[in-house]
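Here the structure comes first, spelled out in structure tokens, and everything after it is commentary.
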Amino acid sequence: MTEHYDVVVVGGGLLGCLTAWMAARDGARVLLVDKDQVNQHASGRNAGSLHFQLEYRMVEAGEEAARIAAEAMPLHLDAADMWACLEGEIGEPFGVRQTGGLMVAENADEVRVLEFKAELERGWGLDVRTLDRTELDGFAPYLSRDIVAANFSPLEGKADARTAAPAVGRAAVAAGAAILTRTRLADAHRTVQGWDLTLRETGRTGDEWARTVHTAAVVVAAGVWTTEVGRIFGAVLPTIPLALLMTVTSKVPRFIPHLVQHAGARLSLKQTLDNTVLIGGGWPARLMTDANGAPAFDVKPQLLPQSIAGNARAAVAAVPAVARIPALRSWVGTTTVAPDQLPLVGAVKDAPGVFVATGGSAFTLGPSFARVLAGLLAGASPDIDIRPYSPSRFAERICA
Ligand SMILES: Cc1cc2nc3c(=O)[nH]c(=O)nc-3n(C[C@H](O)[C@H](O)[C@H](O)COP(=O)(O)OP(=O)(O)OC[C@H]3O[C@@H](n4cnc5c(N)ncnc54)[C@H](O)[C@@H]3O)c2cc1C
């Protein structure tokens with residue numbers, strides 16, 4: 001007999017777990033499926049930075065690109081509020097600390113970037129101010145003397161990427177959602193009342209079997225697989241895949257209370273609640289490809305030694321004491337951005353009842369994405385203007 005759901009969520013990363021939790025809390029019959037395990041991919045491998053300032057990748061291409069990226073600021077502000085309450089609502093801790101974040105500058109050009117960026121962000125309502133060298137002496141004595149200024153936003157911080165999505169997944173189950181892991185969405189057929197989905201489950205010995213479920217609505221929370229899952233619904237959802245590097249050091253007494261980014265280099269750096277230092281910021285790893293040259297997201301990307309070295313140099317240049325802390329481990333994860341750096345959030349065109357969110361710092365923005373999606377599932381109009389994030393904006397441009 002075919003099982004019936006109000007919502008099937010495809011993807012058990014942070015976004016999928018949050019959306020399943022919110023929809024189940026709203027009274028929907030929810031099934032979440034993941035082809036692997038909950039939190040196995042980007043949501044469990046990322047830096048856990050809560051970025052509410054624009055990031056280096058958004059300002060490096062110039063002021064116009066930064067202005068476009070800043071159109072996501074309503075989501076940043078919403079997410080900042082949501083992270084502040086999330087552990088309380090979920091009922092378990094997962095390392096959320098909003099103790100502020102700095103974007104640092106080493107020269108006059110970078111200071112100009114900071115000033116432009118702060119003005120832009122303040123225009124959108126973000127609390128951010130520029131600190132000069134004298135202020136930094138007392139505020140962030142761990143920074144290099146070469147840092148001449150920094151933008152500070154008190155909302156920024158971190159959460160533990162290893163524990164956040166699993167905690168939210170447990171809350172979703174407690175709220176009534178069902179979760180099936182090792183279960184891939186393989187196919188979808190439109191019916192009068194929604195969608196018949198073909199799910200392929202993989203057993204521990206590698207044997208596969210299929211089941212069909214019926215659902216009124218589908219949420220695509222598939223991270224780097226979004227484009228591929230979109231095709232199942234006949235949708236064009238362009239995303240750019242990125243394989244990125246992370247490095248963690250051994251534990252040292254706590255000395256970095258802030259999230260640190262750089263206005264002129266790829267860097268994110270923070271000290272975790274375990275007292276390790278987590279270093280990332282967008283250094284690439286090599287995405288693997290299949291026999292046809294298409295990206296193979298299920299194959300582990302390759303670490304690039306030059307990225308490990310470049311990231312370490314950027315970290316030491318900003319926080320010299322990092323040079324004396326042994327690095328323990330480097331790893332990679334795969335994520336996605338949209339061509340204009342704005343996320344994709346909303347209803348999927350020509351696929352009634354199908355909704356999607358992805359793109360950019362979707363760990364930070366996950367709570368806000370999920371709140372918008374849960375509202376759309378409940379038939380409510382979002383209180384954030386989501387038109388700039390329309391998932392069909394690229395398809396519309398291509399067809400125009
Ligand atoms: C190294 C690195 C560092 C990062 N640092 C940060 C950071 O500090 N701050 C920040 O905000 N963001 C960061 N990001 C980005 C962030 O991790 C991602 O944007 C976010 O985790 C995406 O979450 P998600 O739930 O949408 O996707 P994912 O966590 O990727 O989950 C998608 C899930 O969908 C499942 N899936 C895919 N296709 C199917 C299918 N057909 N059927 C069933 N299941 C399917 C996958 O198995 C996967 O588990 C970083 C990313 C990387 C890689």
Side-chain angles (χ1 to χ4, degrees), residues 8-20 31-52 55 57 75-76 79 83 101 156-161 164-165 168-169 179-188 197-202 218-233 239 241-247 259 261 266 268-270 278-285 287 297-298 301 307 311 330-338 343-345 356-370 373:
V8 170
V9 177
V10 183
L14 182 63
L15 174 64
C17 291
L18 282 164
T19 312
L31 172 66
L32 181 151
V33 294
D34 197 293
K35 64 183 177 56
D36 296 313
Q37 298 294 336
V38 166
N39 212 32
Q40 187 172 328
H41 296 287
S43 295
R45 291 167 182 249
N46 70 63
S49 309
L50 302 181
H51 291 291
F52 304 116
E55 297 166 54
R57 67 182 163 84
L75 293 167
H76 292 213
W83 276 105
E156 291 194 316
K158 62 195 170 205
D160 188 338
V168 180
I179 297 184
L180 289 176
T181 55
R182 302 168 71 94
T183 301
R184 174 190 296 271
L185 171 70
D187 206 357
L197 305 181
T198 306
L199 305 177
R200 299 200 77 82
E201 296 176 56
T202 309
V218 179
V219 170
V220 179
V224 77
W225 290 270
T226 297
T227 304
E228 180 183 310
V229 174
R231 272 188 221 113
I232 294 176
F233 297 95
T239 55
L242 300 173
L244 301 176
L245 169 74
M246 289 300 312
T247 295
L259 169 65
Q261 298 183 78
R266 293 176 189 183
S268 82
L269 185 152
K270 72 186 68 64
L278 205 47
I279 301 167
W283 287 80
L287 268 176
F297 301 131
D298 287 307
S307 282
N311 205 354
S330 291
W331 69 94
V332 295
T334 312
T335 188
T336 173
V337 291
L344 271 61
V345 188
V356 66
T358 194
S361 289
F363 184 80
T364 300
L365 299 180
S368 191
F369 286 179
L373 293 175

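Here the structure is a predicted model, which means the values were calculated and not measured. Atoms within each ligand, like the ligands themselves, are counted from 1 in listed order.
A heavy-atom separation below 4.0 Å is found between Leu14 and ligand 1. In this structure, Gln40 falls outside the shell of residues with a heavy atom less than 4.0 angstrom from ligand 1. Ligand 1 lies within reach of Thr183, whose nearest heavy atom is under 4.0 Å from it. A heavy-atom separation below 4.0 Å is found between Gly48 and ligand 1. Proximity of Gly360 to ligand 1 is established by a heavy-atom distance of less than 4.0 Å.
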Passes side chain to side chain contact (heavy atoms under 4.5 Å, CB included), Thr239 versus Thr358? Steps please. CA-CA 9 Å; Thr239 55; Thr358 194; 3.9 Å; yes
Please test Arg184 against Val33 for side chain to side chain contact (heavy atoms under 4.5 Å, CB included), starting from the C-alpha separation and ending with a verdict. CA-CA 7 Å; Arg184 174 190 296 271; Val33 294; over 6 Å; no
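Distances from atom 33 (C) of ligand 1 to the heavy atoms of Asp34, Val356, Thr335 put Asp34 nearest. Ranked by closest heavy atom to atom 3 (C) of ligand 1, the top entry among Val224, Asn46, Val10, Val9 is Asn46. Compare His51, Lys35, Glu55 by their heavy atoms: the one nearest to atom 44 (N) of ligand 1 is in Lys35. Among Gly13, Ser43, Gly12, the residue whose heavy atom lies nearest to atom 23 (O) of ligand 1 is Ser43.
Between Thr364 and ligand 1, an N or O atom pair is found at a separation short of 3.5 Å. Polar contact with ligand 1: present for Ala42 (N/O pair, distance under 3.5 Å). The N/O atoms of Ala47, backbone and side chain alike, include one that comes under 3.5 Å of an N/O atom in ligand 1. Among the atoms of Leu185, some N or O lies under 3.5 angstrom from an N or O of ligand 1.
In plain terms, the two heavy atoms of Thr335 and Gly360 that are nearest each other are OG1-O, 4.3 Å.
The side chain to side chain contact (heavy atoms under 4.5 Å, CB included) test with Leu32 is passed by exactly one of Val219, Ile179, Val8, Thr183: Ile179.
In this structure, Asp160 CG and Leu278 CG are separated by 9.0 Å, a value rounded to the nearest 0.5 Å. A distance of 12.0 Å separates NZ of Lys35 from OG1 of Thr181, quoted to the nearest 0.5 Å.
Under the 4.5 Å side-chain criterion, counting only non-hydrogen atoms from C-beta, His41 is not in contact with Val224. Here the side chains of Ser361 and Arg57 are in contact, with some heavy-atom distance below 4.5 Å. When side chains are defined from C-beta on, Leu199 counts as touching Leu31, because their heavy atoms get closer than 4.5 Å.
When heavy-atom distances to ligand 1 are checked against a 4.0 Å cut-off, Ala221 comes that close only through its backbone atoms N, CA, C and O. At a heavy-atom distance under 4.0 Å, no atom of Asn39 approaches ligand 1. Residue-level proximity to ligand 1 for Phe363 is carried by backbone and side chain together, each with a heavy atom below 4.0 angstrom.
Using cut-offs of 30° and 60° for the angle between ring planes, the Phe363 and Trp83 rings count as tilted.
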